[in-house]
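I have placed the structure first, in the form of structure tokens, so that the comments after it can refer back to it.
Letters go in sequence order (proteins before strands), and every chain restarts at 1.
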Amino acid sequence: MAYFKVEKLVKYFGGLAAVNGVTFEVSQGEIFGLIGPNGSGKTTTFNMISGYHRPTSGRVLYKEREIHNLPTHRICKLGIGRTFQVVKPLGRMSVFDNVIAAAFSRCNAMQEAREKALKAIEFCGLSSVKDVLARSLPIAGRKRLEITRAMATGPDLLLLDETAAGLNPTELLEAIDLIRKIRDSGTTIIIIEHIMHVIMTISDRIHAINFGQTIAEGTPQEVAQNKDVIEAYLGTDYA
Amino acid sequence: MKKKLVALLVLAVLAFFPLVVKDNYYRHLMILFLMWVVIGSAWNLIAGYTGQVSFGDAAFFGSGAYAAGLLSTHLQVSAWWGLAIGGFVAVAVGLPFGWICFRMRGAYFALATLALNEVLRHAATIAEGFTGGMVGILIMPSFVSKVPYYYVALALAAFSMLSIHWVVHAKPGYYFVSIREDQDAAESLGIDTHFYKMLSLGIAAFWTGVAGALYMNYMGFIDPEVVFSLHDISIMAILVGIVGGVGTVYGPMVGAFLMVTVQELFRSGFFGLLKYLAIVTGSDALGVLAEAVTGAHVLGFGILVVVVILVLPNGIVGDWPKIRKSVFRMKTAV
């Protein structure tokens, strides 16, 4: 059985179908890329997986369990972590406190939460800014804080929403390294990304959507050569 | 360590206060101050830490006060039992209310608390058979001396601050602040935001209710206009929180001290100074001013809040480093 599965997912906002029948499966331990032009329904899909939106129809199955009707915090407890495309640092808390708050999802004692948070901070390379207020971090730091916080909740499956957007080339390489390191530590990853260099290098498989519907799925090479994908990104002239 | 020492020192000074100061007037003011420490700390937990601003603390304060008063008038039980029961009555009022309102975000909770305040005030006024309506509730005070009340108030202030200090430095505290900073992010970190908002409201309502019960016992008289008062209780609670420092453990204590002082300054026309000047100089204008000032304490509050928000947006405790820095600089300049 599939480790994680999204089945005929549909989401209407009023009369607009933001996501219209997307189906994909993710197997344990892979990096699964989700791509598509702006407004194609990627983040809406993430929001349905993590419980911020209820699907109009369709199912989300995680370890053979239906999760699309669970509240967000329950989904987190089941082991699905997520980051936000529009970063949401807990501004007036230090980086350390941000991560401690996340670590409390798996324990109740202060000491234990501190240790877990320290581990996550070290793992994600934020040690140098540990005591800085989250709102004073630059964008690269904030994106990394999103990942660190999600990792501190001890996820089995991690949803990364454009964590590489707005980074400079050096930071990009670091981000790629970090994502690989997270996968190697045993966490399955679904990643939304616009930067083709990132998504093509790290994904095992890619699922492309446009106007809320699936247009292609396969290895990065297969998807890159797909006629519909090129059309969606570059227009009919190039297809 | 240094912080603990300061806290112990303050506690020691407060413990010896009634032994040194025999004047009942100042003892009375200190009892009010301690009561406001309880209310301010409670308001600060729900509004300062959890970010759910309450405009209607009087709803919980009045519930506690009436619980104590009604116990005494209807069941002939000592109103002191109200200290325990009043807290739980306030929780019983607050939780169902929070259960409904916390589903919405934004200003709804704040507006709804304002409404709850008014609803309870009218209910207490209309239900004459049960509450005595506008006549209020009068009970015989247990003690003539103010000292026992003082120590009860001191104990409540200390316990409320301790309990809140303990809560905000543990898991719930981290969760409260996370909810204040970003509710969506909090949810994604596995925080049951609805539950933790209720928890925060529950603790806050409990202590506010206890303070209300203390008020009933101490003053011996309550009526709906006094304990469900919007500007004397609800707004005052907000001011204590803001002036002292939102989201700080010791802020409400500083805020309570300042606000009780300011309130008294205005109420007494700067301790009778204006009236005295009016008599000495024989000036009618000063006499009129003295009377106007006595009724203008709300205006004084307003001015104080404007000044605090402009100069010290994080309150006196929250901006303490800033204050110390500017004072320190002045010293080096001299």
Practice task
Taking atom NZ of A/Lys181 as the centre, report whether more than 12 heavy atoms of other residues, nucleotides or ligands fall under 6.0 Å from it.
Solution key: yes
Exercise for the section: Could you tell me whether A/Glu112 atom CD has more than 12 heavy atoms of other residues or ligands within 6.0 Å of it? Expected result: yes
Handout entry: Part of B/His169 lying under 4.5 Å from any heavy atom of chain A
Key = backbone
Exercise for the section: May I have all residue pairs that pass side-chain hydrogen bond (donor to acceptor under 3.5 Å, both in side chains) and include part of residues 131-147 of chain A, sequence neighbours excluded? Expected result: A/Glu146-A/Arg149
Exercise for the section: Flag yes if more than 12 heavy atoms outside A/Phe123 fall under 6.0 Å of its CZ atom; otherwise flag no. Expected result: yes
Practice task
Name the member of A/Arg92, A/Met110, A/Arg82 that forms the most heavy-atom pairs with chain B at distances under 4.5 Å.
Solution key: A/Arg92
Practice task
Quick one: closest heavy-atom pair of A/Ala102 and B/Leu189, and the distance?
Solution key: CB-CD2, 3.7 Å
Problem - Enclosure of A/Phe13 CZ (heavy-atom neighbours >12, cutoff 6.0 Å) - result: yes
Problem - Contacting moiety of A/Phe104, where chain B heavy atoms sit under 4.5 Å - result: both
Handout entry: chain A contact residues among residues 174-188 of chain B, heavy-atom distance under 4.5 Å
Key = B/Tyr174, B/Tyr175, B/Val177, B/Ser178, B/Arg180, B/Glu181, B/Asp182, B/Asp184, B/Ala185, B/Glu187, B/Ser188
Handout entry: Atom CZ of A/Phe32: over 12 foreign heavy atoms under 6.0 Å
Key = yes
Problem - Heavy-atom contact with chain B under 4.5 Å, split by part of A/Thr153 - result: side chain
Problem - Atom CZ of A/Arg106 with >12 non-hydrogen neighbours under 6.0 angstrom - result: yes
Handout entry: Part of A/Ala101 within contact of chain B (heavy atom distance under 4.5 Å)
Key = both
Problem - NZ (A/Lys119) with more than 12 external heavy atoms under 6.0 Å - result: no
Problem - Pick from A/Ile100, A/Ile75, A/Asn98 with the largest number of heavy-atom pairs that fall under 4.5 Å of chain B - result: A/Ile100
